[in-house]
Amino acid sequence: MLRKIYLSLVACFLTLQVYAQVLTSPDRNLTLTFELKENGEPTYQLTYKKKLVIKQSRLGLETKDAGSFAKGFTVANTEQASVDESWNPVWGEVKTIRNNYNELAVTLAQQEPKNRNMIIRFRLFNDGLGFRYEFPAQPNLSYFVVKEEKTQFAMTGDHTAFWIPGDYDTQEYDYTTSKLSEIRGLMNASITENVSQTSFSPTGVQTSLMMKSDDGLYINLHEAALINFPVLHLNLDDKNMVFESWLTPDARGDKGYVQAPATTPWRTVMVSDDARKILASKLTYNLNEPSKIKDTSWIKPTKYVGVWWEMITGKSSWAYTDEYPAVQLGVTNYTKAKPNGKHGATTANVKRHIDFAAKHGFDAVLVEGWNQGWEDWFGNSKDYVFDFVTPYPDFNVQEVRDYAKSKGVKMIMHHETSSSIRNYERHLDTAYQFMKDNGYDAVKSGYVGNILPRGENHYSQWIINHYQYAIEKAADYKIMVNAHEAVRPTGIARTYPNLISNESARGTEYQAFGGSKPNHVTVLPFTRLIGGPMDYTPGIFEMDLHNGSHVNSTLANQLALYLTMYSPLQMAADFPENYEKFPDAFQFIKDVAVDWDDSKYLEAEPGAYVTVARKAKKTGQWFLGSVGGNEARTSKIKFDFLESGKNYIATIYADAKDAHFKTNPQAYTIQKVVVNSKSNLSQFVAPGGGFAISFIEADKNQLKGLKRL
Ligand code: NOJ
Ligand code: CA
């Protein structure tokens, strides 16, 4: 009894007073201040090297049926902890990742309407902050429905932002660079057409959001470990420069069904005065759980070619026939249909790609349009659109399986779901088993069109759970997943490393749909890639496409993308015949590795350039890639990442002086020079250009006749 009185006195005292607690990062550059205001509202504030990054901002959630988790709190307990450990990712940019943070867990209690509590857990790393809400199991709280998350990110000024429109269904937008205050005025122009899109506010933007302050701070807002919760968007209050959380609703408008014990995803703020540190940050992965897959030996970084770009550019089709405006699986008799003569996924064409892959050392071949149903695959809210096991008459599954096996090439399956979620789940076991039976270890899945069940969105909780289900089920079958149009990644691949890549942004396909901005690839590493790798599908050598569209990139820029767009799954997307036209440049794509022991970001500025050197796993060979933006530039780099005392032959694939993404994209030079760890390079980069380098350690005899840099 006495204890109770004492506790309520303490609680009373705390409610009347502002309660504050401070946490610093291991290197002491970042300081987080948690403060509970007089009315029991939790808030936080973040500084970096004594500069304010996030002004005092509100925390919490509002529910539909369980009151507020944003006010009326007292502090029941706080705990601090420090962690400094290392782990080795199954694949990645580096061999070992350090997970080093200081933690503050604040247990907040509410007496009214019922005695219950919520924990806010902060983790402060040297490169940023992560925090989440936790709802422990407790007598007075089991289920609740989220009305809105109330987390704020109050900016200190009118920063420059690299943003795409907030949308419940797609991230396939070009980035707009503008001041925060200009977002409203630029929103309409930024919303380009997509077959499934739902924007929600004239100042709504997506995460990962990259910003730069006038005094040179790079700030990135995103989320980590998005599991069983809707996607977090941000809505800018542009009078006060405060971002408010905006969760993706479900078909009923609800923003999350929660059952305690539960945790929300982490909300992340990365910050540095050096843009390269944002790219090198492993904060998002560190906030995810370790791998839940015990035996990961079957997860293999992969370089592949495919029957794909020919459909994207309109040269061939996914569909087998043009005779039927609509088809029904099991009813439509394809053997009676007249083939349209441009079906891409024929046994013969696939074999040609297998031959090409085998000849040039690629691991795998992707084939799209192999299965029945593509004649009317999206746009009609069609439920039973594909069964994922029935091939067209001109695609012989067994013959392809045996041929690929005989050539030592893996096949990559394609599952376009056309967003018919329940249909895919109904077929998933059969489809995965069919893959295993036919030698496929990886699947590219796709979610084009509006989600079925109708009214759900690509980023609502139920659909997030579907993507997760497909990944986990694939792991049971030892299948790697590369999901397109699914939710943008949030570091889940640490826990499920069979999520080998994702699209979930505007990929190379848009170069065939009218083109992307030339500096698009200098923004993606700061935004989309923060959460995980992207199947960007680079390697286009022929920029003027069959359908009249133009690829806004130089050939040398395309080579650099294999380094700057990190992914353990990389495609050489152009046609075999286009690679055969440029065998010397193609050599780089053949040589470049896809899995790394080390990565050094040498130059970086969002929207302008990214230069990275990477050391390959197994061989230890170094490669370097640099992409530029809209303007020409000179890249100045040091090769001090190379082992000192050794000589290397550097093969430099670069833009010719007169190269230009629009008018002269194929003008490149290749030169071989001798370099060592003391060499410096000053390299021209054309507008929309770049350069790529492969380094080979050489002994004295091999250096004869070669110029030293
Ligand atoms: C969109 C994907 O991004 C693309 O790669 C794929 O070819 C089509 N959907 C068809 O599934
Ligand atoms: Ca896509």
Side-chain angles (χ1 to χ4, degrees), residues 164 167 169-174 192-197 206 304-320 342-345 349-350 353 364-379 382 385-388 392 395 412-421 423-424 431 442-451 458-459 467 470 481-489 500-516 520 524 528 533-540 545-547 549 551 565 567 569-575:
I164 52 174
D167 198 296
D169 284 293
T170 186
Q171 308 99 356
E172 293 182 354
Y173 291 116
D174 247 323
T192 46
E193 215 183 306
N194 195 284
V195 294
S196 176
Q197 61 190 151
Q206 307 209 31
Y304 72 104
V305 294
V307 178
W308 176 71
W309 190 236
E310 57 190 84
M311 282 87 90
I312 292 289
T313 55
K315 199 173 150 199
S316 59
S317 68
W318 285 277
Y320 172 77
K342 53 178 195 141
H343 181 218
N349 194 27
V350 171
H353 282 78
V365 175
L366 163 77
V367 182
E368 295 197 5
W370 65 277
N371 57 327
Q372 296 185 9
W374 286 90
E375 284 67 23
D376 65 329
W377 63 286
F378 75 90
K382 187 171 170 179
V385 59
F386 294 114
D387 70 4
F388 312 98
Y392 280 128
F395 180 76
I412 300 178
M413 176 54 77
H414 185 228
H415 289 167
E416 175 54 63
T417 68
S418 77
S419 295
S420 184
I421 302 300
N423 180 54
Y424 191 37
V443 63
K444 169 180 171 178
S445 55
Y447 297 89
V448 170
N450 288 330
I451 295 280
H458 278 74
Y459 311 145
Y467 305 131
V481 176
N482 163 28
H484 279 224
E485 295 90 28
V487 61
R488 81 278 190 271
I500 192 108
S501 211
N502 270 119
E503 182 196 49
S504 310
R506 189 179 174 97
T508 299
E509 62 183 4
Y510 277 83
Q511 300 281 20
F513 307 159
S516 294
H520 187 54
L524 285 171
R528 166 61 183 75
M534 176 169 179
D535 183 31
Y536 186 71
T537 67
I540 305 302
L545 306 178
H546 186 80
N547 64 1
S549 193
V551 177
M565 293 292 297
S567 176
L569 182 78
Q570 287 283 17
M571 185 178 204
D574 211 338
F575 308 145

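Values below: every heavy atom of this structure, side chains too, minus hydrogens, waters and symmetry copies. Just so you know, ligand 1 is whichever comes first in the structure, and atom 1 is the first atom listed for that ligand. Since this is a predicted model, take the numbers as computed values, not measurements.
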| query | Between Lys444 and Glu368, is there a side-chain N and carboxylate O pair less than 4.0 Å apart? | reply | yes
| Taking all non-hydrogen atoms of both residues, which atom of Val487 and which atom of Gln171 are closest, and how far apart? | C-NE2, 3.9 Å
| task | State, to the nearest 10 degrees, the angle whose vertex is the Ca ion (ligand 2) and whose arms point to OE2 of Glu485 and OE2 of Glu172. | result | 100°
| task | Round to 10° and report the angle made at the Ca ion (ligand 2) by OE2 of Glu503 and OE2 of Glu509. | result | 70°
| Would you call the rings of Tyr320 and Tyr392 parallel, tilted or perpendicular if under 30° counts as parallel and over 60° as perpendicular? | parallel
| said: For Trp374 together with His414, are the ring centres under 6.0 Å from each other? | reply: yes
| message | Measuring centre to centre across the rings, with the benzene-like ring taken for any Trp, is Phe386 within less than 6.0 Å of Tyr424? | response | no
| request: With a 4.0 angstrom cut-off on heavy atoms, strictly below it, pick out the residues next to ligand 1 and order them by chain and number. | output: Trp308, Ile312, Trp318, Glu368, Trp374, Trp377, His414, Glu416, Lys444, Val448, His484, Glu485, Glu503, Glu509
| task | Could you go through the side-chain contact (heavy atoms from CB on, under 4.5 Å) check for Tyr173 and Gln206 one step at a time? | result | CA-CA 10 Å; Tyr173 291 116; Gln206 307 209 31; 4.3 Å; yes
| said: Do Asn450 and Ser196 pair up side chain to side chain, a donor and an acceptor below 3.5 Å, judged on atom types alone? | reply: yes
